[in-house]
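Take a look at the structure set out below.
Note that ligands are numbered from 1 as they come in the structure, with each ligand's atoms numbered from 1 the same way. No hydrogens, no waters, no symmetry mates; every other heavy atom, side chains included, goes into these values.
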Amino acid sequence: MTILSNCREIAATIEMELNAVNRNRDAVTCVAVTKLRSLEETEVLYEQGLNHFGENRVEGLIEKQAHFKQTDIKWHFIGSLQTRKVKDVINRIDYFHALDRESLAKEINKRAEKQMACFVQVNVAGEASKHGLSPEELQDFITLLEAYPQIQVVGLMTMAPIDADDETLHRIFYQLKKLQEAVAERNLPYAPCTETSMGMSRDYPIAIQEGATFVRIGSSFFEETE
Ligand SMILES: *Cc1c(COP(=O)(O)O)cnc(C)c1O
């Protein structure tokens with residue numbers, strides 16, 4: 001069955017890439033991106049031991065959560081989020097991967113019932129079509145987040161261009177890692193920033209080589225490979 005063999009293949013690839021760069025086996029958390037996927041498909045992933053799920057729409061998240069009551073599941077919201085939808089999402093999730101503007105921080109701060117683990121999204125590649133702060137804007141943005149005590153900056157997130165070659169991917173992920181370390185070095189209590197959320201189906205092996213701690217993998221779990 002496709003999903004089962006894909007699960008094994010992805011787990012093996014993650015382990016191999018970690019090994020190749022002398023990182024611990026548990027250094028990467030795989031977020032299975034289940035957006036637009038059925039409950040049955042998601043069930044198979046859970047049975048294979050995956051318990052971090054990523055959704056990018058409010059409706060999809062609510063549907064999955066109504067079905068999966070297991071308390072060991074961590075829910076990730078990975079897409080850009082309209083400010084007016086924050087209240088529907090923020091108290092349902094464990095991680096938010098797309099903090100990219102102050103208005104969103106303000107709304108999260110207002111609505112969150114407990115401190116929210118957030119990744120600040122950085123547009124490392126500078127693509128006009130992508131969300132995220134420029135690397136130059138990042139540090140000032142981190143500074144202003146001090147005013148929003150419900151926000152905990154656990155790390156940085158980026159998306160690479162879909163047509164990037166390997167060399168470009170290495171450069172983008174390396175840059176995000178350096179930016180993450182620069183924030184971490186500030187030792188801000190509200191921004192430990194120890195994590196990097198980078199790498200998707202196409203490029204997660206390279207992201208792991210460059211130090212990703214969270215990869216977000218969707219289509220590779222579900223698609224026929226041969
Ligand atoms: C859909 C999506 C993914 C997963 O992409 P795949 O190419 O299917 O692995 C990862 N991150 C974000 C932000 C996404 O929207």
Side-chain angles (χ1 to χ4, degrees), residues 2-3 5-14 17 28-38 41-42 44-46 48 50-64 74-82 85-86 89-90 92-101 104 108 116-133 154-166 168-169 172-173 176-177 179-180 195-225:
T2 308
I3 301 181
S5 55
N6 287 346
C7 279
R8 282 191 209 106
E9 170 130 11
I10 291 166
T13 303
I14 291 174
E17 296 295 348
V28 166
T29 300
C30 180
V31 179
V33 177
T34 50
K35 65 185 186 199
L36 307 176
R37 296 293 168 173
S38 70
E41 288 170 303
T42 307
V44 178
L45 296 180
Y46 183 74
Q48 290 305 300
L50 288 148
N51 65 345
H52 286 254
F53 294 136
E55 289 283 330
N56 70 346
R57 286 169 53 250
V58 182
E59 301 73 26
L61 177 71
I62 291 174
E63 188 209 14
K64 295 284 188 332
K74 300 287 183 202
W75 298 97
H76 298 248
F77 198 87
I78 59 168
S80 61
L81 182 61
Q82 290 169 290
K85 292 199 169 169
V86 166
V89 167
I90 211 68
R92 298 179 157 271
I93 58 174
D94 299 289
Y95 295 90
F96 178 62
H97 287 248
L99 180 57
D100 62 355
R101 56 191 190 278
L104 192 53
I108 291 171
M116 190 65 229
C118 295
F119 288 86
V120 172
Q121 186 170 352
V122 185
N123 186 356
V124 179
E127 283 184 288
S129 60
K130 292 262 165 68
H131 291 269
L133 298 146
V154 295
L156 304 183
M157 177 273 210
T158 201
M159 288 173 80
I162 57 169
D163 56 357
D165 58 25
D166 286 3
T168 307
L169 292 170
I172 288 169
F173 296 143
L176 191 77
K177 183 76 192 165
L179 291 167
Q180 172 259 308
E195 312 301 321
T196 44
S197 168
M198 57 189 192
M200 312 181 8
S201 290
R202 254 194 82 251
D203 50 24
Y204 74 90
I206 293 177
I208 292 172
Q209 291 166 26
E210 296 296 345
T213 61
F214 285 79
V215 291
R216 310 176 310 270
I217 301 178
S219 45
S220 286
F221 278 113
F222 306 103
E223 281 170 7
E224 298 287 350
T225 42

Test Glu41 against Ile3 for side-chain contact (heavy atoms from CB on, under 4.5 Å), laying out the working first. CA-CA 8 Å; Glu41 288 170 303; Ile3 301 181; 3.9 Å; yes
Side-chain donor-acceptor pair present, Thr29, His52, cut-off under 3.5 Å: no
Please determine if Ile217 has a nitrogen or oxygen closer than 3.5 Å to a nitrogen or oxygen of ligand 1. no
Short version for Met159: what comes under 4.0 Å of ligand 1, heavy atoms counted, is side chain
Nearest non-hydrogen protein atom to atom 12 (C) of ligand 1, with distance, is Ile78 CD1, 3.5 Å
For Gln180, give me all partners under side chain to side chain donor-acceptor pair (under 3.5 Å), at least two apart in sequence or on another chain. Lys177
Atom indices of ligand 1, in the order listed, that fall short of 4.0 Å to a heavy atom of Lys35: 1 (C), 2 (C), 3 (C), 14 (C), 15 (O)
Ring-plane angle category for Tyr95 and His76, please: parallel below 30°, perpendicular beyond 60°, tilted otherwise. parallel
Results of side chain to side chain donor-acceptor pair (under 3.5 Å) for Glu127 - residues two or more places apart only: Lys130
Just jot down the ligand 1 atoms closer than 4.0 angstrom to any heavy atom of Arg216, in number order. 4 (C), 9 (O), 10 (C), 11 (N), 12 (C), 13 (C)
Nearest protein heavy atom to atom 5 (O) of ligand 1, by residue and atom, and its distance? Met200 CE, 3.4 Å
Which of the numbered atoms in ligand 1 are under 4.0 angstrom from any heavy atom belonging to Ser219? 6 (P), 7 (O), 8 (O), 9 (O)
So, regarding Ser201 and ligand 1 (criterion: nitrogen or oxygen to nitrogen or oxygen, under 3.5 Å), is there a contact or not? yes
Any donor-acceptor N or O pair under 3.5 Å, side chains Thr34, Thr42: no
